[in-house]
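Notes to accompany the following structure.
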Amino acid sequence: QAFSLNFSLLSKFINEEEKNKYTNIISLIHEEMHAPTSNDRDALGWIELATKQDKEEIDRILAVANEIRSQSAVLIVIGIGGSYLGAKAVQDALTPYFSKKSGETEVIYAGQNMSGAYINQLLQYVDDREVYVNVISKSGTTLEPAISFRVIKSYMEKRYGEEMKNRIILTTDPENGLLRKLALDGGYRSFEVPADVGGRFSVLTPVGLFPLAVGGIDIQALLDGAKQATNDLMFSNYKENEAYEYALSRYLLEKKGYIIEIMASFEPSLRNVFEWWKQLFGESEGKDEKGIFPVSVTYTTDLHSIGQYIQAGKRQIFETILHVRNQQEDCTIQSVENNFDQLNFLEDKTFHDINTIAKNSSILAHYDGGVPVIQVEIDKLDEYHLGYLLYFFEKACAMSAYLSGVNPFDQPGVESYKNNIFALLNKPGYESLKDELEERLSE
Ligand code: PA5
């Protein structure tokens, strides 16, 4: 089986009777998601991205990506939040830990922070390498990518002159925003973020697909996995739809005080898949003083840091363990002559065997310590299974947010800090907020 979930370690915490009560409401939410009558229809385009693929667009993505792969050592991807986390998640999950495949174009991210040191060092790093740039911002107004793009665009102008126009590709809203204007007026090549797909649901649009194609990822296999998930997860009854059963289980756990979800894996390469997952759920659910706080860990590393808390700290956490059943690469323990470390009993076991036993041991220990555990398993770590997994979480996230009565697709809370930044940076129009904030800061 390519993908499976196991809820058996929840039975002590929630029961079938409680779940059954939500059968109808889940079906109703499902119907509304698939044939929306409300404004949310404007944000539900992600549901069918993989089943209604735009062949022409994919061919164009591959053509531009191949051009970059043949001509450039580096692609700088400028974006923040949903505009970079999906690509980075898949890229990092499928890239060797220590060496790049020779001849591959390196994909480097910028605009996801405002560190001057980061941008300076990035430009120094690429100075003796051929560079292309992909700036991704649906709105075109987000400050972090905007200031990085300003600096990187000037660098590209100085370095490449007029040719820089061919080396900068914009990914933005089809009609609106400053980047769309720049694409139209300035003659830059561009891709579209569909108007009805929000940032954190956009990994299967050019936002994710283009950088991934440049990085040598098989985007067709990624879409195929997502397509399979779309078909598997189209049933309205949660008993036939694992995304909805996951959403319902989380919802019932939250109602019982389990307000923190720890996403855990024993594969370090999944670290950035979890960063993507955290943003997806945190930004979709955390509103109106509701929502589960998403946290992620890598085991067994983190068993030696916050493992103690998970085992025996305040009981408000549940765990979702993502296990990769088969490893393409492994390392076998050999016996040694003098058994100096007394580990000969492990002879012929692989690291993956031991890691899997560590996983099973931790699950049982945490469960015994009062932690509800949901188990997710994928057959192997490749494009197909990641595509499946990403879509699974998107579908679950939308259902989960709707169940708790919040809109999964907006993020009004993000505006508060942005307004403060603009006011304190003297952006015209923010004068009275600036005075108020400065007074508070001087106290
Ligand atoms: O999920 C979201 O909508 C956000 O995280 C955005 O992706 C993020 O704020 C970046 O926005 P933009 O692409 O408009 O620059």
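In this text, all values refer to a predicted model and were calculated from it rather than measured experimentally. Both ligands and their constituent atoms are indexed starting at 1 by order of listing. Residue numbers start at 1 and run along the sequence shown.
Looking only at protein heavy atoms, the nearest one to atom 6 (C) of ligand 1 is Gly82 N, 3.9 Å. Protein heavy atom nearest atom 14 (O) of ligand 1, with residue, atom name and distance: Ser139 OG, 2.6 Å. Among protein heavy atoms, the minimum distance from atom 11 (O) of ligand 1 is reached at Thr142 OG1, 3.5 Å. Looking only at heavy atoms of the protein, atom 2 (C) of ligand 1 is closest to Glu283 OE1, 3.2 Å.
Listed by atom number, the atoms of ligand 1 under 4.0 Å from Lys138 heavy atoms are 12 (P), 13 (O), 14 (O). Of all atoms in ligand 1, numbered sequentially from 1 with element shown, those under 4.0 Å from a heavy atom of Gln411 are 3 (O). Listed by atom number, the atoms of ligand 1 under 4.0 Å from Arg200 heavy atoms are 1 (O), 2 (C), 3 (O). Those atoms of ligand 1 that come under 4.0 Å of a heavy atom in Ile80, given as number and element, are 7 (O), 8 (C), 10 (C). Which parts of ligand 1 touch Ser83 is read off a 4.0 Å heavy-atom cut-off, strictly below it: atoms 7 (O), 12 (P), 13 (O). Short contacts between ligand 1 and Ser137, defined as distances under 4.0 Å to a heavy atom of the residue, involve ligand atoms 12 (P), 13 (O), 14 (O), 15 (O).
The pair Glu242-Lys395 does not count as a salt bridge, with every side-chain nitrogen at least 4.0 angstrom from each carboxylate oxygen. Look at Glu283 and Lys278 and you find no salt bridge, because none of the NZ, NE, NH1 or NH2 atoms lies under 4.0 Å from a carboxylate O. For the pair Arg325 and Asp379, the salt-bridge criterion is met [side-chain N within less than 4.0 Å of a carboxylate O]. Using a cutoff of 4.0 Å between basic side-chain nitrogens and carboxylate oxygens, Glu285 and Lys290 are not scored as salt-bridged. The residues Glu436 and Arg440 are annotated as salt-bridged, a charged nitrogen and a carboxylate oxygen being separated by less than 4.0 angstrom. Using a 4.0 Å cut-off between charged side-chain N and carboxylate O, Arg69 and Glu104 make a salt bridge.
Centroid-to-centroid, the aromatic rings of Phe392 and Tyr246 come within less than 6.0 Å.
Gln53 and Gln220 share a side-chain donor-acceptor pair at under 3.5 Å.
The distance criterion of under 3.5 Å between nitrogen or oxygen atoms is met by Gln279 with respect to ligand 1. Where the criterion is an N or O separation shorter than 3.5 Å, residue side chain and backbone included, Gly81 fails it with respect to ligand 1.
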